[in-house]
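What follows is a set of notes on a single structure, which appears directly below.
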Amino acid sequence: MSDIQEGTINALKKELTATSTSAQLDSLTSKYFSRKGILNDLFSKINSVPADEKQAYGKEMNTLKAQAETLIEKKRVELSKKPRKGTWVDPTLPGDTLPKGSLHFVTYAIEEITRIFERIGFSRASYPEVEWEYFSFESLNMPPGHPARDDFETFFIDEKSHSKYGRMVLTPHTSSGQIREMMRVGVPIAMINIAKTYRPNWDVSHTPMFHQFEGLCIDRGINITNLKGTIEYFMTSFFGEGRKMRLRPYHFQFTEPSFEVDVSCDICDGSGMIDSKTKCRLCKSGWLELGGAGMVHPNVLKEGGIDSEEYSGWAFGFGIERVFMMKQGLKLDDLRTVYENDVRFLEQF
Ligand code: DAH
């Protein structure tokens, strides 16, 4: 072996020992075999070799090339057998942690409201969301064509009408559960019906689907004092101590007398003013409207098969999204955000 051959092979061997990745091997290959690489350089030196030595030099160079190729190929095989970094698994390592999910805040509010009423002996009921007109209107003292029905804009289902119950609708309010509860359970009743309700509105303060919770209590000797006490209990449990309540005379077909229920605003403490010049942004008047309530109308009791001479009852219906926002002291610029499923909004609650 000539000095050149031996020196080159030794240098290559040394470099191969230091090579541990196929990328390194690639650049080593091109260092030796590319057009301007070491081997070509040695080959081109043949021009300066004396004529009678040219043949031996060429032979020597070919042997050198073959040896270098073999060494590099051997290394390539060796590297391909070596497990690549990062592909082995250590089963004792803890797994990747996933972000913790949560339920929608309306679901939490439903759970909380259910617990509050269960504590005083109310049972949660669920009635159909796709309902007959009869349960949403007629049975609640709103006969066909009655103007009060206009207050409950309604989605109608494209289905055959029922001879007694009329058209199919998406329940516009949870009050439709009142008659169903009277028919199913009979007196006494202490029901909390929490459900989705539907009205065809879509603007900054309405979504076509929203939630209501409906209380219904019927027994002998039930009066407005019970209604007031129950709503007060709910308010303290849900909003905390120190909120005031007022009943404002109102009109609903299915209750007599009827009220709208207001709760004092937490932000301005019921004064309507933040300071001597600034009106409260949330309520403007010191009061926030919770929803409707009243003493169940005798016609409704009769429709539910209950003797209105012997029994009396009260009912209320409040919106869940609305009470939740009141609890947070929040006035959303756009209520539709609640159902747009943007996690950046939802994860705040
Ligand atoms: N159902 C009414 C609404 O959606 C609210 C309501 C008012 C419910 C008076 C009641 C009630 O039970 O007594 O606007």
Any side-chain heavy-atom pair from [X] and [Y] closer than 4.5 angstrom?
X	Y	result
Ile179	Val300	yes
Ile192	Phe234	no
Leu16	Leu25	yes

For this session: Can you run down the side chain to side chain donor-acceptor pair (under 3.5 Å) pairs that involve residues 207-224, sequence neighbours left out, and say none if there aren't any?
Result: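 Every side chain to side chain donor-acceptor pair (under 3.5 Å) pair that includes a residue of residues 207-224, provided the two are not neighbours, is Thr174-Gln212, Thr174-Glu214, Ser175-Glu214, Gln178-Glu214, His211-Glu321, His211-Tyr339, Arg220-Glu310, Arg220-Tyr311, Asn223-Thr225.
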
In terms of hydrophobic clustering (I, L, V, M, F, W, Y; side-chain heavy atoms under 4.5 Å; direct or indirect links), are [X] and [Y] co-clustered?
X	Y	value
Phe122	Ile231	yes
Ile110	Leu346	yes
Trp132	Met183	yes
Trp314	Ile120	yes
Ile38	Met61	yes

Tell me if the [atom1] atom of [X] is crowded by more than 12 foreign heavy atoms within 6.0 Å.
X	atom1	answer
Asp90	CG	yes
Lys54	NZ	yes
Tyr250	OH	no

Please enumerate all residues that pass ring-ring contact (aromatic ring centres under 6.0 Å, His included) together with [X], with sequence neighbours excluded.
X	result
Phe105	Phe324, Phe349
Phe254	His173, Phe252
Phe318	Phe213, Phe316
Phe239	none

Exercise. Taking only residues two or more places apart in sequence or in another chain, which ones pass side chain to side chain donor-acceptor pair (under 3.5 Å) with Gln328?
Worked result: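 For Gln328, no residue satisfies side chain to side chain donor-acceptor pair (under 3.5 Å) once neighbours in sequence are set aside.
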
Distance check, rounded to the nearest 0.5 Å: [X] atom [atom1] versus [Y] atom [atom2]?
X	Y	atom1	atom2	answer
Leu39	Thr8	CG	OG1	7.5 Å
Lys327	Arg243	NZ	CZ	10.0 Å
Arg281	Ile274	CZ	CD1	9.0 Å
Asp96	Leu93	CG	CG	9.5 Å
Ile218	Ile189	CD1	CD1	4.0 Å
Arg246	Lys228	CZ	NZ	12.5 Å

For this session: Go through Tyr127 and Thr171 one step at a time and tell me if the side chain to side chain contact (heavy atoms under 4.5 Å, CB included) criterion holds.
Result: CA-CA 10 Å; Tyr127 290 111; Thr171 42; over 6 Å; no

Pairs meeting criterion salt bridge (charged side-chain N to carboxylate O under 4.0 Å, His left out) with involvement of [range], two or more places apart:
range	result
residues 30-42	Glu15-Lys31, Asp41-Lys45
residues 117-128	Arg115-Glu118
residues 134-150	Glu133-Arg149, Glu138-Arg149

For this session: For Asp269, check salt bridge (Lys or Arg N to Asp or Glu O under 4.0 Å) against everything at least two apart and list the hits.
Result: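 Salt bridge (Lys or Arg N to Asp or Glu O under 4.0 Å) list for Asp269, sorted by chain: empty.
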
Where [X] and [Y] come nearest, the two heavy atoms and their spacing:
X	Y	answer
Ile320	Ala109	CG2-CB, 3.9 Å
Ser237	Glu112	O-OE2, 4.3 Å
Met191	Gly177	SD-O, 4.1 Å
Pro188	Val185	O-CG1, 4.2 Å
Ala315	Leu216	CB-CD1, 4.0 Å
Asn193	Ser126	OD1-CA, 4.1 Å

For this session: Start with the C-alpha distance between Asp203 and Leu335, add both sets of side-chain angles, then the distance that settles side chain to side chain contact (heavy atoms under 4.5 Å, CB included), and finish with yes or no.
Result: CA-CA 8 Å; Asp203 58 41; Leu335 189 75; over 6 Å; no

Ignoring hydrogens and angles, tell me if any N or O in the side chain of [X] forms a donor-acceptor pair with the backbone of [Y] under 3.5 Å.
X	Y	answer
Thr21	Gln24	yes
Ser139	Tyr134	yes
Tyr233	Ile116	yes
Ser264	Lys244	yes
Lys284	Lys279	no
Gln253	Asn141	yes
Asn47	Ser44	yes
Thr197	Phe210	yes
Ser312	Ile222	yes

Exercise. Taking atom types as modelled, is there a side-chain donor on Asp334 or Thr337 under 3.5 Å from an acceptor on the other?
Worked result: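 Looking only at side-chain atoms, Thr337 and Asp334 do not form any donor-acceptor pair under 3.5 Å.
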
For this session: Any ring-ring contact (aromatic ring centres under 6.0 Å, His included) involving residues 11-54? Give me the pairs, sequence neighbours left out, ordered by first then second residue.
Result: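 Qualifying pairs: none.
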
Exercise. Does the side chain to side chain contact (heavy atoms under 4.5 Å, CB included) test come out yes or no for Val130 and Phe155, once each step is laid out?
Worked result: CA-CA 10 Å; Val130 180; Phe155 283 111; over 6 Å; no

For this session: Let me see the working for Glu289 and Arg248 under side chain to side chain contact (heavy atoms under 4.5 Å, CB included), right down to the final yes or no.
Result: CA-CA 10 Å; Glu289 185 195 312; Arg248 233 176 334 103; 3.9 Å; yes

Exercise. Other than Tyr108, what residues sit in its cluster of Ile, Leu, Val, Met, Phe, Trp and Tyr side chains whose heavy atoms are under 4.5 Å apart, directly or through others?
Worked result: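 Via sub-4.5 Å side-chain contacts, Tyr108 links to Leu103.
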
Problem set entry | Salt bridge Glu153-Arg199, side-chain N to carboxylate O under 4.0 Å |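 Salt bridge between Glu153 and Arg199, a charged N being under 4.0 Å from a carboxylate O: no.
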
For this session: Scan Thr29, Ile72, Asp26, Leu28 and name whichever one has a side chain to side chain contact (heavy atoms under 4.5 Å, CB included) with Thr19.
Result: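 Among Thr29, Ile72, Asp26, Leu28, the one meeting side chain to side chain contact (heavy atoms under 4.5 Å, CB included) with Thr19 is Leu28.
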
